[in-house]
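FYI, side chains are in, hydrogens and waters are out, and symmetry mates aren't considered; it's all heavy atoms of this structure. Within every chain, numbering begins at 1; the chains are lettered A, B, ... in the order of the sequence lines, protein sequences first and strands thereafter.
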There are 2 protein chains.
Amino acid sequence: MDAQPRKRPTQADVGRLARVSPAVVSAVVNGRGGGVRVSDQTADRVWEAIRQLGYVPNVAARTLAGGRNNIVGVFTYEAVFPTEAKSFYHDFLAGIEEEAEERGCHILLFTGSRGEGRRRSIYKDGVNTLQLADGAVLLGQDEDREELAELLRDRYPCVFVGRREIAGGDASYAAADYASAAQRMVDFIVEHGHRRIGRIQSAWRHEALIDREAGFVAGCRRHDAAIDSVDTLVAPSGDAVANLVRILIDQQVSCVVTDDHAAAVTACRTARARGLRIPEDLSVVALGDYPGDDAGDQPITTVITPRRQMGMEAVRLLAGLLDDPADTRPRRTVLDCGLRLGTTVAAPPRH
Amino acid sequence: MDAQPRKRPTQADVGRLARVSPAVVSAVVNGRGGGVRVSDQTADRVWEAIRQLGYVPNVAARTLAGGRNNIVGVFTYEAVFPTEAKSFYHDFLAGIEEEAEERGCHILLFTGSRGEGRRRSIYKDGVNTLQLADGAVLLGQDEDREELAELLRDRYPCVFVGRREIAGGDASYAAADYASAAQRMVDFIVEHGHRRIGRIQSAWRHEALIDREAGFVAGCRRHDAAIDSVDTLVAPSGDAVANLVRILIDQQVSCVVTDDHAAAVTACRTARARGLRIPEDLSVVALGDYPGDDAGDQPITTVITPRRQMGMEAVRLLAGLLDDPADTRPRRTVLDCGLRLGTTVAAPPRH
DNA sequence: CTGAAAGCGCTTACAG
DNA sequence: CTGAAAGCGCTTACAG
């Protein structure tokens, strides 16, 4: 057979076969956009030639010439398919996939962006790799804010999944409304009669955590009259949680509120080890869930992140950004969180 | 601020500032590659200009001028991130990601390839969408073999995850060695003393299932002297399994061998409903595992598909294909499967 | 309604 | 050791 490094057919080849100019081929391929009009007959001839030759537009050329390539980028600093916490990104990605598919877009995962070190970066050797795609959705936790600021300065079209305040730039995002969810969670436990609330707060100052805090504080303020005490302890790491739970138990709180699911699970275990029953003796709630299955553990009453919807909405916002680049205002959506009622909340014990 | 659609500095701009030609800038940026040599003085001047202007190479232009784009495609007919069976593709993708990252490649998920119908297809409007990438890894079960045959005819560089015999083409693949694994599984149960074996076989004639069958049959033949009987029943669907299990129980088999994990779980449940204990009264093994967690069920003794390795190997094979396109022979690797020893096998009961 | 031409930003032979 | 030029494959004004 021919062993030559298969040369792909170009617009010129198609044009030659269909006896039209490359420009016409371009117009046909792109749904007669660009002010050029082509008769149905001609279009059919072009399509036939395209089919015969197996022509496919060259992404790079398209991008270079200014057109779009219908590729939505997805960038994460960590592995998209982690070995532990396998399902971490799944629901976000499912939403992104669904919406991208709906719009006829492909998804480009920037896995080849590891610079010098082990870490991925947007600017590989000073080059913004994301440019391969029309725009990108940015996911994940452990970010390089410097780089993100640069990305915004570059005016690269991107949307974050989750709220982000990037210095010097107006980031677009599809976020979860952790603030109101946290507030509703406070409503919920106060309605159950809790008057002494213990709070274990992450030391990390991520927007998602700041929002939880704001909502929690607002909720407590609203129930100021009903609540006797709120003890807030900051956990520098997950390892510290167990100790803090013991402290709160000693302070006689009837309900422990954690930032995330893992901390809530730890709280339950620690309390049980102290001989307390959940929820009879101590209630526990989380202001953030874990995407995986709880695998056997007692289902925690928790705020649910609308991951799938966030993914979908991020793609939608990005599409808007691309469709109207003249409008430079940030696109922002804040989506409602649900509360999942597990089995870890009951009325406080009577003494 | 300026609302203009972000215009970035180019090599030409840098060259103008540094008083050199664009070609020199290119050489400097790319570490003096391309046969062009530049004096250190000049290089410094260029770097200084780059810094001043904040120059960043344009990826699309680079790709266009260069050839390959370092994008590995991944194609599946179904959603890559399914709502049910969430983890179905995870391990494969993790392997693909790991190897792609190692090679500085990005991953393109062909999600925008839905043609007329609801289904994805490689040839959208008669056009091979996969050509957006340098080559592709093909995943999944429910395929369009016609289309795949066409893909091979097109000589598009692609590698399947799992063995495939495509009519009229030599498909490259990274497969699992189900045949030897099945054979070893037969060894295993015979060594445990099983003499009357019941087999529930899927009616589906996928390569992966054909391989299991071949291995199972070979294993039984090898132990011909030891085995009293092998009853093989074909299950047209998963729903039929329970009934077939009852038949096998009536026929006094001491071990049931299924093709997949789900059928094995059904077998266990059905047997238990009949008052049999697993494994004391009946042993059950599966020749294929399920990637998710077994969530509470008794761990099945099963063949393990090396998903991660298959994903990695597929990318490696693809890289080989791309690096040496002159060599048109198919690239094929068959990877060992492990056996997971669950708690569903014991010596057969004595009567 | 269609064609010829310029240009996107880069790399890579090819001359000097 | 350096510059001028062609070309990668496309889109997009611009003429006919």
Side-chain angles (χ1 to χ4, degrees), chain A residues 5-46 49-50 53-71 125-129 131-132 134 154 322 325, chain B residues 5-46 49-50 53-70 127 131-132 134:
Chain A
R6 25 170 240 111
K7 158 82 178 159
R8 286 168 35 175
T10 70
Q11 266 189 4
D13 298 326
V14 174
R16 221 167 290 132
L17 183 60
R19 318 195 120 265
V20 297
S21 76
V24 174
V25 180
S26 175
V28 170
V29 169
N30 297 307
R32 2 203 120 172
V36 177
R37 236 166 254 184
V38 186
S39 73
D40 284 0
Q41 271 210 7
T42 315
D44 287 349
R45 224 169 53 240
V46 171
I50 288 178
L53 265 40
Y55 165 77
V56 164
N58 177 312
V59 207
R62 233 182 208 183
T63 308
L64 180 56
R68 281 168 56 172
N69 57 19
N70 287 325
I71 293 180
D125 303 327
V127 171
N128 176 1
T129 345
Q131 290 182 101
L132 281 171
D134 289 337
D154 270 7
L322 296 170
Chain B
R6 56 192 197 98
K7 160 77 177 159
R8 297 169 21 188
T10 70
Q11 266 188 4
D13 298 327
V14 175
R16 222 167 290 131
L17 184 58
R19 315 193 125 267
V20 296
S21 75
V24 172
V25 180
S26 174
V28 170
V29 168
N30 297 306
R32 4 200 119 172
V36 177
R37 237 167 253 183
V38 185
S39 71
D40 284 0
Q41 271 211 10
T42 315
D44 287 349
R45 224 170 52 241
V46 172
I50 288 177
L53 263 41
Y55 165 77
V56 165
N58 177 312
V59 200
R62 234 179 206 186
T63 306
L64 182 57
R68 277 165 63 170
N69 57 20
N70 286 328
V127 165
Q131 290 193 37
L132 282 169
D134 289 335

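- A 3.5 Å limit on both hydrogen-bonding distances identifies C:dT2 as the Watson-Crick or G-U partner of D:dA15.
- Distance A:D13 CG to D:dG7 C1': 15 Å, rounded to the nearest Å.
- Within the nucleic acid shown, B:V25 has no heavy atom closer than 4.0 Å to any nucleic acid atom.
- Each of B:A61 and B:P22 was assigned the nucleotide of DNA chain D with the nearest heavy atom; the assignment lying further toward the 5' end belongs to B:P22.
- Counting to the nearest Å, the P atom of D:dT11 and the CG atom of A:D134 are 12 Å from each other.
- Between B:L64 and A:N58 the shortest side-chain heavy-atom distance falls below 4.5 Å.
- Among the nucleotides D:dC8, D:dC10, D:dG3, the one closest to the side chain of B:L64 is D:dC8.
- Checked against C:dG3, C:dC10, D:dG3, the side chain of B:S21 finds its nearest nucleotide in D:dG3.
- When every heavy atom of A:R45 is checked against every heavy atom of A:R19, the shortest pair comes out as NH2-O, 3.7 Å.
- The nearest heavy atom of DNA chain D to A:A12 and to B:V20 marks one nucleotide each, and the one closer to the 5' end goes with B:V20.
- The two atoms that bring A:D134 and A:N70 nearest to each other are OD2-N, 2.8 Å, heavy atoms only.
- Regarding A:L132, its CG atom lies at a distance of 16 Å from the P atom of C:dG9, rounded to whole Å.
- Regarding contacts with the backbone of D:dC1, every side-chain N or O of B:Q41 stays at 4.0 angstrom or more from both OP1 and OP2.
- For the pair B:I50 CD1 and C:dG9 P, the computed distance is 16 Å after rounding to whole Å.
- Between A:D44 atom CG and C:dT2 atom P there is a gap of 12 Å when expressed in whole angstrom units.
- Of the candidates C:dT2, D:dT2, D:dG9, the closest approach to any side-chain atom of A:V24 belongs to C:dT2.
- Residue B:S26 has a polar side-chain atom (N or O) positioned under 4.0 Å from OP1 or OP2 of C:dT11.
- Judged purely by atom type and a 3.5 angstrom limit, A:D44 has no side-chain atom pairing as donor or acceptor with the backbone of A:Q41.
- When distances are taken from the side chain of B:A65 to each of D:dC8, C:dG7, C:dA5, the shortest belongs to D:dC8.
- Contact check, B:T42 against D:dT2: a side-chain N or O comes under 4.0 Å of OP1 or OP2.
- Atom pair A:N58:CG and C:dC10:P shows a separation of 16 Å (rounding to whole Å applied).
- The CG-P distance, from A:L53 to D:dG9, rounds to 13 Å in whole Å.
- Atom P of nucleotide C:dA6 and atom CD of A:Q11 are separated by 18 Å, given to the nearest angstrom.
- B:S21 is listed as a side-chain neighbour of B:V24, based on a closest heavy-atom distance under 4.5 Å.
- Regarding contacts with the backbone of D:dG9, every side-chain N or O of A:R62 stays at 4.0 angstrom or more from both OP1 and OP2.
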